[in-house]
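Each chain gets a letter, A, B and so on, in the order the sequences are listed, and its residues count up from 1.
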2 protein chains.
Amino acid sequence: MDWEGRLSSEGLRVTAPRRVVMDVLSGAREPLAPHEIWEQGRRVHRTLGLVTVYRTLSLLERFSWVRRVHRADGCHGYLLCSAGHAHAIICRDCGQAAEFPGTDDLGGLIADVEASTGYRVDSHLLQLSGQCAQCRARRVAGEPE
Amino acid sequence: MDWEGRLSSEGLRVTAPRRVVMDVLSGAREPLAPHEIWEQGRRVHRTLGLVTVYRTLSLLERFSWVRRVHRADGCHGYLLCSAGHAHAIICRDCGQAAEFPGTDDLGGLIADVEASTGYRVDSHLLQLSGQCAQCRARRVAGEPE
DNA sequence: TTGAATGCAAACGATTTGCAAACAC
DNA sequence: GTGTTTGCAAATCGTTTGCATTCAA
């Protein structure tokens, strides 16, 4: 079921502002801060309120349709989730984000940590930062931005 | 060289407020938010300002003497760094933090991610959350807090 | 029709900045 | 003495809340 169907089946409503936020996020190739989503969204939905963007994001987060990440500039950015549990890697130059599946690879590490610390791990936050292939190529070639 | 010597050698000054912040962090067994450091610090240094706590924390962070972590309550908490690169695991019940070395275990995962995404990884944020041994024991035993 | 969702204004908490006074060196 | 650091007040930033209005179902 798509997100619209899922909302309806929960007794929640499919509204224009919610569609706009989803559309903006769908078109984004990097994590967007709430005010960026608002600015882009207002171009198509003139009266969109920043408050509604925040409320929509927390709704989408509750359903795990978006993921919140920490950006290099200190802001929070939002990304559409792909299926399953995944982690993000963000390019420090262009901001572009990619996802990678993480749970499996972390299994051994988590087991080690549990054994050495005595803690029982129930959630984790893993986020990588680096340079994407394009930005690396650009830098090697000495091209200006 | 200790932190006081290091500060001096950089032309920076060893002041009472900075000592207080370091002392509070040294005595903490969980990540403290700036206002918590301020509250505890004021007990020994009456005129300590919250602003000074913030400025001291960013100074200490610049020297990698403290680490900033994300707490379950959404606040930022600060922890004294131990030697070397390490990651934190925080108990969701009592807030107690433990560290574990992470770089080595993450090496394989990072190599995989680089291969599959084309990114070059240069930094990572890994933070685990769970339950420490004491809190697990307490819960199993059904003891009240 | 009816409860959910919106948008505004205002409140809010965390963090930063301008500046004169205080202090380490 | 000199330049760093402090603490206050106020500004700023990101985010949330109260409330009357609008809207999806």
Are the side chain of [X] and the backbone of [Y] linked by a donor-acceptor contact shorter than 3.5 Å?
X        : Y       : answer
A:Arg18  : A:Leu60 : no
B:Gln127 : B:His70 : yes
B:Arg13  : B:Leu7  : no

Could you check how far [atom1] of [X] sits from [atom2] of [N], rounded to whole Å?
X       : N      : atom1 : atom2 : answer
B:Tyr54 : D:dC8  : OH    : C1'   : 16 Å
B:Glu61 : C:dT16 : CD    : C1'   : 15 Å
B:Arg19 : D:dT6  : CZ    : P     : 12 Å
B:Glu36 : C:dG13 : CD    : P     : 15 Å
B:His76 : D:dT15 : NE2   : C1'   : 13 Å
B:Arg42 : D:dG7  : CZ    : C1'   : 12 Å
A:Glu4  : D:dA25 : CD    : C1'   : 14 Å
B:Arg62 : D:dT5  : CZ    : C1'   : 13 Å

Assigning hydrophobic clusters by single linkage (Ile, Leu, Val, Met, Phe, Trp, Tyr; side-chain heavy-atom cutoff under 4.5 Å), is [X] placed with [Y]?
X        : Y        : value
B:Leu79  : B:Leu128 : no
A:Ile110 : B:Leu126 : yes
B:Ile37  : B:Ile90  : no

Next item on the list: Mind checking A:His35 for me? I need base, sugar-phosphate or nothing, with any heavy atom below 4.0 Å counting as a touch.
Entry: nothing

Between protein and nucleotides 3-10 of chain C, what N or O pairs are separated by less than 3.5 Å?
| residue | atom | partner | partner atom | Å |
| --- | --- | --- | --- | --- |
| C:dG3 | N2 | A:Arg13 | NH1 | 2.1 |
| C:dG3 | N3 | A:Arg13 | NH1 | 3.1 |
| C:dA4 | O4' | A:Arg13 | NH1 | 3.4 |
| C:dA5 | OP1 | A:Arg13 | N | 3.1 |
| C:dA5 | OP1 | A:Arg18 | NH1 | 2.8 |
| C:dA5 | OP1 | A:Arg18 | NH2 | 3.3 |
| C:dA5 | O5' | A:Arg18 | NH2 | 3.4 |
| C:dT6 | OP1 | A:Thr15 | OG1 | 2.7 |
| C:dG7 | OP1 | A:Thr47 | O | 2.9 |
| C:dG7 | OP1 | A:Thr47 | OG1 | 3.3 |
| C:dG7 | OP2 | A:Gly49 | N | 3.1 |
| C:dG7 | OP2 | A:Thr52 | OG1 | 2.6 |
| C:dG7 | O5' | A:Thr47 | O | 3.3 |
| C:dG7 | N7 | A:Arg55 | NH2 | 2.6 |
| C:dG7 | O6 | A:Arg55 | NH1 | 3.4 |
| C:dG7 | O6 | A:Arg55 | NH2 | 3.1 |

Notebook entry, point to check: What are the two closest heavy atoms between B:Pro17 and B:Thr52, and how far apart are they?
Noted result: CB-CG2, 3.7 Å

Notebook entry, point to check: Which residue pairs pass the salt bridge (Lys or Arg N to Asp or Glu O under 4.0 Å) test with at least one member in residues 35-56 of chain A, sequence neighbours excluded?
Noted result: A:Glu36-A:Arg71

Note to self: For B:Arg68 and B:Val14, find the nucleotide of DNA chain C closest to each by heavy atoms; which residue's nucleotide sits nearer the 5' end?
What the structure shows: B:Arg68

Check: Would you call A:Glu61 and A:Arg67 a salt bridge, taking side-chain N to carboxylate O under 4.0 Å as the test?
Finding: no

Notebook entry, point to check: Which angle, to the nearest 10 degrees, lies between the helix axes at the two ends of the helix from C:dT1-D:dA25 to C:dC25-D:dG1, each defined by five pairs?
Noted result: 40°

